[in-house]
There are 2 protein chains.
Amino acid sequence: MATIKEIAELAGVSTTTVSYALNRSGSVSESTRRKILRIVEEIGYQPNKTAVSLRTSKTRTIGVVAEDLTVFVTPEIVDGICEYAEQAGYHIILDNLRVFHKVGNSFQALSHYHDEIRQLTDATLHDTVDGILYVGIHCRDVAEIVSSFERPVACIYCYSSSANAYSFFVDDETAAFQATEHLIRLGHRRIAVLTGPVDSLPSQSRLRGYQKAILQNDIVINPHYFQVGDWSQESGYELAKRLFSLRSHPTAVFSLNDYMAFGVLQAAKEAGLSVPEDVSVIGFDNQPVSRYCTPALSTLAPPLRELGSGAAASLIALLEGRAVPRKGKAFACQYVERQSVAKARR
Amino acid sequence: MATIKEIAELAGVSTTTVSYALNRSGSVSESTRRKILRIVEEIGYQPNKTAVSLRTSKTRTIGVVAEDLTVFVTPEIVDGICEYAEQAGYHIILDNLRVFHKVGNSFQALSHYHDEIRQLTDATLHDTVDGILYVGIHCRDVAEIVSSFERPVACIYCYSSSANAYSFFVDDETAAFQATEHLIRLGHRRIAVLTGPVDSLPSQSRLRGYQKAILQNDIVINPHYFQVGDWSQESGYELAKRLFSLRSHPTAVFSLNDYMAFGVLQAAKEAGLSVPEDVSVIGFDNQPVSRYCTPALSTLAPPLRELGSGAAASLIALLEGRAVPRKGKAFACQYVERQSVAKARR
DNA sequence: GAAATCGACTGAAACGTTTCATTCGTTTCA
DNA sequence: TGAAACGAATGAAACGTTTCAGTCGATTTC
């Protein structure tokens, strides 16, 4: 591989001049700059990244720390990151934590969780990245984790209450509000909601959105329409069975995640109710599967790719000393209309 | 951040000695080595990776070039890579090509495909990685692409006929053979097969496996049982409809991918045939969705994680000058028993 | 008892850049 | 006309390691 020294010799100038010409710093006459660029082109010279990093102590690399790459949200987020980072001339170093395992239908941190994180921050990423993007698998406060990072960090699909981190997460409340409003505008008044565990943050926010819409539209709340599940298809099925055996069963079910909605679909079929004619169903998450069930599930889609590229954009802006608009942002979901929602029967 | 110089001063020795002590090269007395290690521990010194790279021209980083991160096979492969690389002390630089788009149900390269690749090899990965792992989205020869890489490369979920690359791919033929044998052992004789497009390599291999099993078991081939689809659910549906309207319809359908199998399930239901009682269905790929359809689809699962970690292991062995067993390997699939297969009716 | 060997340790160069401080000739301006 | 300012170019140090080629004293060998 050619070095700057060879280019300098060929051009009959010093390495300093070559460096200045290439970086548009210092002052170089137009004619020698052109001569240098021509030779660079000819030889196919590429500055040695390692040497540049050593000298400037910037790596133009950002570390992507993913809690679990195989959870369906992660790849698309990471893709969004890659897309932005690439065009900005940054490399991505990927680290998959893999420290959660499924317990029932929620995730629990493994015991070596913190060791893993520490090792990561100490040994793995030190002086290898300029900044870190932390990609969570569900919305919660990860301050405890990211505050130990010694580089600028942005959280994605989760948030941090610590001062050193930006956060890019889903606006669950507004999305749930809009979905509920949508059902109401379609004439539904008996709208049940299936929540996740009460201590789940996304569940709480989504429920808040639902309740706000119900309240704003002066709909009387039937306590039977409010059911707490555990995110699993089975719990959705059980809960919906109960719902459909009510003498005044709901005409619409808003499941706060897709899996429970699948259970609702199944229960409806068994109860002899057809979706969407007799009962409308809306899910949340836009799991890949929701396109393939019958009927295809209408659901709320988090803008995963935008979450990733938005976070990457802010982090890189920060790294380069440019103004960064805000300390984070809540991203709106998109309602994906498929075949499980219709007007309420008169 | 502390440097080797500070450690040297604190220990009252030269930087050379510190370096030797840390790398177990040169000869250092046991007592000074211990003294040095104690100080290193105390200060929390970490060698500067960039400086080491510059000096040794090894980056301990491997580039993962993924054709499409959002295709379902990729994340698990990449996870396997990460897992191995991490414990071997290597970093992963991720690059997502994103150069394919869906045309109907197969993928086609975008027009800027080769520009993208060239830019990648020239600018992006040069002197940044020691070797490259190329992760394909379907099995085919990628020699044209990877032969331009100027580093050792291993192909995953695809293969390269060029000399410079290792290949780690799925043994489609054996898997299809075993699935067909499985059906035969369950008493099935009228076994239909749904292939993908004739020019598709995986389709060809899988079909070969099917035919071998049929032939070996002296089953007479009914040409009507052989149908060519385009991998889509719709084509599976249409083909299966034709199959089930035959006066002597098959008792088992082997779909060479999962999506077409979903179509088969749908067609069976509409034809009044219950799966698996009246007809058994086996898919291929183990798409995440296959677990959620009804009945849950029995299918063949490529060992994605193993593919990734196996390739990473070989590449790293090669980079470190250790003996590498072979130039590549075909990995066996695992048959995933779910609810779509049963004994043939008497 | 001189030569050879050995173990412990070190000085300094090298990896390929960036950038500070400086030089040198030309132009501008009071 | 002389000083100041400026544009173009450069020498050399620095970033933090690794490693070649030694030095030096102690021990072994014949």
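These numbers were taken from a predicted model, which means no experiment stands behind them. In what follows, chains are A, B, ... by sequence order, proteins preceding strands, each numbered from 1.
- Taking the screw axis at each terminus of the helix from C:dG1-D:dC30 to C:dA30-D:dT1 from five consecutive base pairs, the angle between the two is 50° to within rounding of 10 degrees.
- No option in A:T61, A:N48, A:T59 other than A:T59 meets the side chain to side chain contact (heavy atoms under 4.5 Å, CB included) test with A:S53.
- Remark: the backbone N or O of A:L201 is not paired with any side-chain donor or acceptor of A:R140 at under 3.5 angstrom.
- OP1 and OP2 of C:dT17 both lie 4.0 Å or more from every side-chain N or O belonging to A:T56.
- Proximity of A:S314 to A:F168: side-chain heavy atoms (C-beta onward) are separated by under 4.5 Å at one or more points.
- Counting to the nearest Å, the P atom of C:dA14 and the CG atom of A:L54 are 17 Å from each other.
- In this structure, B:S27 reaches the bases: a heavy-atom distance under 4.0 Å links it to at least one base atom across the strands shown.
- For the pair A:R55 CZ and D:dA14 C1', the computed distance is 5 Å after rounding to whole Å.
- Using a 4.0 Å heavy-atom cutoff across all strands shown, B:S53 reaches no nucleic acid atom at all.
- Between the side chain of A:D130 and the main chain of A:R60, a donor-acceptor pair closer than 3.5 Å is present.
- For A:V52, the listed nucleotide lying nearest its side chain is C:dT17; candidates were D:dT10, C:dT17, D:dT17.
- The two residues A:A143 and A:S161 have their closest heavy-atom pair at CB-OG, 3.4 Å.
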*asked:* Show, in sequence, the C-alpha distance, side-chain angles and deciding distance for A:V142 and A:E67, and conclude whether the side-chain contact (heavy atoms from CB on, under 4.5 Å) test is met.
replied: CA-CA 11 Å; A:V142 295; A:E67 288 187 345; 4.2 Å; yes
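- Contact annotation: A:T50 side-chain N/O to C:dC15 OP1/OP2 distance is not under 4.0 Å.
- Rounded to whole Å, atom P of C:dT17 lies 13 Å from atom CD of A:E9.
- Of all the residues in residues 15-25 of chain B, B:T16, B:S19, B:Y20, B:N23 reach under 4.0 Å from DNA chain D with at least one non-hydrogen atom.
- In this model, no donor atom of one side chain and acceptor atom of the other lie less than 3.5 Å apart for B:T16 and B:S19.
- Evaluated for a side chain to side chain donor-acceptor pair (under 3.5 Å) with A:D79, the options B:N96, B:T74, B:T70 yield exactly one hit, B:N96.
- Residue B:S14 is the one, among B:S14 and A:Y45, whose nearest nucleotide of DNA chain C lies closer to the 5' end (criterion: closest heavy atom).
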